[in-house]
Amino acid sequence: MLRLYETRSREVVDITGSAGQLKMYCCGPTVYRDAHVGNLRTFLLSDLIVRAARLSGLGVTLVQNITDVGHMATDLEDKILSQSKVEKIDPFEIAKKYEERFHADLARLNILPADLYPRASESIELMISAIEKLVENGSAYIGTDGNVYFDAQSFPTYGAISGNRLDALKPGYRFEASEDGAKRFHADWALWKIAHDRTQMVWQTPWGLGFPGWHIECSAMSLAHLGQSVDLHVGGIDLRFPHHENERAQSNALTGLETVTHWIHGEHLLFEGRKMSKSAGNVVLVQDIIDRDLDPLSARFAFLENRYRSQMDLTWASLKAAHSTLKRWRSVVAAGGTSSAVESDAEMEQAFFNDLDTPKALQRLRAIEKDAQINPARKRALFLFADQVLGLDLTRVPEAKVLTSEQEVLLQSRQEARLRKDFAESDRLRGLLEANGLAIHDGPEGQSWS
RNA sequence: GGUGGAAUGGCCGAGAGGCGAGGCAAGGGACUGCAAAUCCCUCUACACGGGUUCAAAUCCCGUUUCCACCUCCA
């Protein structure tokens with residue numbers, strides 16, 4: 001049985017689902033720019049949970065939202081609208097563009113698609129009716145500025161996920177000036193904001209023309225698509241507060257139930273010692289990895305070498321190491337034939353189920369790789385078993401490179417030089433070929449390249 | 001100030017009371033005309049101070065340092 005660390009109870013708990021089914025929600029991207037590999041680490045977490053849960057025999061339904069409206073950078077400045085100004089194209093085009101690129105990046109990291117990707121902009125009615133219900137039942141109110149706010153103090157267990165207490169939250173910290181005084185309490189948050197001068201991405205509601213707050217979208221979409229009971233809610237550690245705390249308050253106030261059974265959070269990725277962020281200037285995109293001639297799955301491999309709930313420091317050195325191990329393992333798998341037979345391994349299975357102990361599973365694979373007692377076909381079957389969860393595409397056979405005519409000429413001349421034992425010329429040509437992107441190997445049967 | 005974590009060799013990183021994970025880098029060797037690749041070998045650590053124990057990197061107390069969150073964040 002799969003076991004995971006649960007944030008609210010701070011314990012490793014059994015993941016049982018109900019009636020053999022697991023309902024999962026993973027907070028998705030705000031589509032105003034490319035996802036960097038740090039963002040993708042979180043989506044990899046949900047992918048690992050899905051894969052491990054399926055291995056444990058559960059059926060999984062995964063819903064991941066696309067935030068294409070309502071995510072404020074500062075008050076009244078929507079991230080997508082500001083990017084739309086930068087790129088000088090329609091905000092919905094911005095959202096569409098980056099949503100497509102998000103899906104492409106997921107595919108490059110072998111992250112299985114969710115069952116449903118609801119868009120915030122297409123869920124406005126769900127949010128409006130959720131907000132109406134919250135106002136009706138006294139969980140929300142209309143502030144003096146016309147915005148609708150959630151009343152944090154009306155929700156008794158606020159803070160259960162993050163450990164923050166309402167009375168300990170620093171009042172006034174990064175307080176938005178325009179909201180000053182409009183809210184009853186500093187920790188209240190906006191469910192719906194009045195448009196004022198804003199003309200794009202606004203909707204008509206009972207409270208006037210406006211747009212939704214960020215937190216309400218996940219409550220509205222998860223309740224609509226997964227129902228009143230969600231087994232697992234996954235996201236990055238930074239969403240623990242305030243996003244998930246607020247979401248829990250909203251959802252529970254709507255359903256009268258503990259809507260989400262387990263909250264699961266992935267830790268942050270650091271790059272060369274610092275949190276990956278635009279302001280630190282250390283953002284790495286999947287494309288950057290590809291541009292350095294590394295397999296994008298090297299990033300996946302590097303992530304798997306660390307437990308999901310420890311901060312990890314990614315470096316180019318670790319990506320290069322991952323890349324070469326990946327190549328070596330693919331040749332181990334290829335050497336084992338072409339069978340798709342899978343042999344399960346208790347030790348690896350235990351590692352996966354024990355709170356996604358992927359480092360241990362990789363260690364076990366390294367031991368299998370070295371074990372002379374295991375024949376190549378069995379090695380292949382064991383690696384294929386692991387790959388169901390690891391998703392490293394270990395059966396991939398390297399594509400044969402197509403030689404340019406220039407490369408063919410160089411190879412031919414080198415072969416002739418070698419027959420003449422003209423090693424100076426042979427070495428010169430090797431240098432040219434390497435500059436040309438071909439690695440040359442000389443063996444007993446002559447030269448080969450890759 | 002509140003909250004959640006972390007500290008292991010040149011570097012990255014598992015391990016959670018008892019035979020020194022593994023990887024990368026480096027050095028040596030085999031192979032090679034020379035390389036590359038591959039294979040073999042070598043190097044060996046648990047932040048600090050106390051305590052518990054036959055036995056502590058691992059448990060307890062304290063200290064120091066670092067990271068993250070506290071209303072933009074994966």
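Letters A, B, ... mirror the listed sequences (proteins, then strands); counts begin at 1. Fair warning: this is a prediction, and the values are worked out from it, not measured in the lab.
Closest to the A/Thr42 side chain, of the nucleotides B/A74, B/G4, B/C24, is B/A74. Closest approach to the A/Arg307 side chain among B/G15, B/A68, B/G23 is made by B/G15 (side chain taken as heavy atoms from C-beta onward). For A/Asn164, whose side chain is taken as the heavy atoms from C-beta onward, the closest listed nucleotide among B/G22, B/U3, B/G33 is B/U3. Closest contact between the side chain of A/Ile237 and the listed nucleotides B/G23, B/A68, B/A14 involves B/A68.
Partners of A/Asp293 under the side-chain hydrogen bond (donor to acceptor under 3.5 Å, both in side chains) rule, at least two apart in sequence or in another chain, do not exist in this structure. Listed by chain and residue number, A/Ile216, A/Leu254 satisfy the side-chain contact (heavy atoms from CB on, under 4.5 Å) test with A/Ala130 (two or more places apart in sequence, or in another chain). With sequence neighbours left out, the side-chain hydrogen bond (donor to acceptor under 3.5 Å, both in side chains) criterion links A/Ser222 to no other residue. Listed by chain and number, the residues in a side-chain contact (heavy atoms from CB on, under 4.5 Å) with A/Glu100 are A/Lys96 (sequence neighbours excluded). For the salt bridge (Lys or Arg N to Asp or Glu O under 4.0 Å) test, no residue two or more places apart in sequence or in another chain qualifies with A/Asp231. Take A/Ser448 and apply the side-chain contact (heavy atoms from CB on, under 4.5 Å) test, not counting sequence neighbours, and it matches A/His441. Shown here are the side-chain contact (heavy atoms from CB on, under 4.5 Å) partners of A/Arg8, two or more places apart in sequence or in another chain: A/Glu6, A/Ala160, A/Ile161, A/Arg248, A/Glu258, A/Trp263.
Within the structure, every side-chain polar atom (N or O) of A/Arg240 is placed at least 4.0 Å from both OP1 and OP2 of B/A74. Distances shown here put a side-chain N or O of A/Tyr5 below 4.0 Å from the OP1 or OP2 atom of B/G5.
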Enumerate all atom pairs, one protein N or O and one N or O from nucleotides 35-38 of chain B, separated by less than 3.5 Å.
{"residue": "B/A35", "atom": "N6", "partner": "A/Asp442", "partner atom": "N", "Å": "3.2"}
{"residue": "B/A35", "atom": "N6", "partner": "A/Asp442", "partner atom": "O", "Å": "3.0"}
{"residue": "B/A35", "atom": "N1", "partner": "A/Asp442", "partner atom": "N", "Å": "3.4"}
{"residue": "B/A35", "atom": "N3", "partner": "A/Arg430", "partner atom": "NH1", "Å": "2.8"}

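Separation of the C1' atoms belonging to B/A16 and B/A25 is 29 Å when rounded to the nearest angstrom. The P atoms of B/A57 and B/G49 are separated by 13 Å, rounded to the nearest whole Å. Remark: the separation of the C1' atoms in B/A21 and B/G62 is 31 Å, to the nearest Å.
Between A/Met312 atom CE and B/C67 atom C1' the separation is 15 Å, expressed in whole Å. What separates CG of A/Leu239 from C1' of B/C70 is a distance of 14 Å, to the nearest Å.
Judged by atom type and distance alone, A/His268 does not reach the base of B/A68 through any side-chain donor-acceptor pair under 3.5 Å. For B/G5, its base never sits under 3.5 Å from the side chain of A/Arg309 at any donor and acceptor pair.
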Using a 3.5 Å limit on both pairing distances, list the dot-bracket string of RNA chain B from the 5' end; Watson-Crick and G-U wobble pairs count, crossing pairs take [ ], interstrand pairs take |.
(((((((..(((.....[...))).(((((.......)))))....(((((..]....))))))))))))....

Sequence neighbours left out, cut at 3.5 Å: what donor-acceptor pairs do the side chains of residues 351-361 of chain A make with other protein atoms?
{"residue": "A/Asp355", "atom": "OD1", "partner": "A/Tyr5", "partner atom": "N", "Å": "2.9"}
{"residue": "A/Asp355", "atom": "OD1", "partner": "A/Tyr308", "partner atom": "OH", "Å": "2.5"}
{"residue": "A/Asp355", "atom": "OD2", "partner": "A/Arg309", "partner atom": "NE", "Å": "2.8"}
{"residue": "A/Asp355", "atom": "OD2", "partner": "A/Arg309", "partner atom": "NH2", "Å": "2.9"}
{"residue": "A/Asp357", "atom": "OD1", "partner": "A/Lys360", "partner atom": "N", "Å": "3.3"}
{"residue": "A/Thr358", "atom": "OG1", "partner": "A/Leu304", "partner atom": "O", "Å": "2.7"}

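Among residue pairs with one or both ends in residues 39-53 of chain A, those qualifying as salt bridge (charged side-chain N to carboxylate O under 4.0 Å, His left out) are A/Asp47-A/Arg51, A/Asp47-A/Arg300; sequence neighbours excluded.
Proximity of residues 349-361 of chain A to RNA chain B (heavy atom under 4.0 angstrom from any strand atom) is restricted to A/Asp357.
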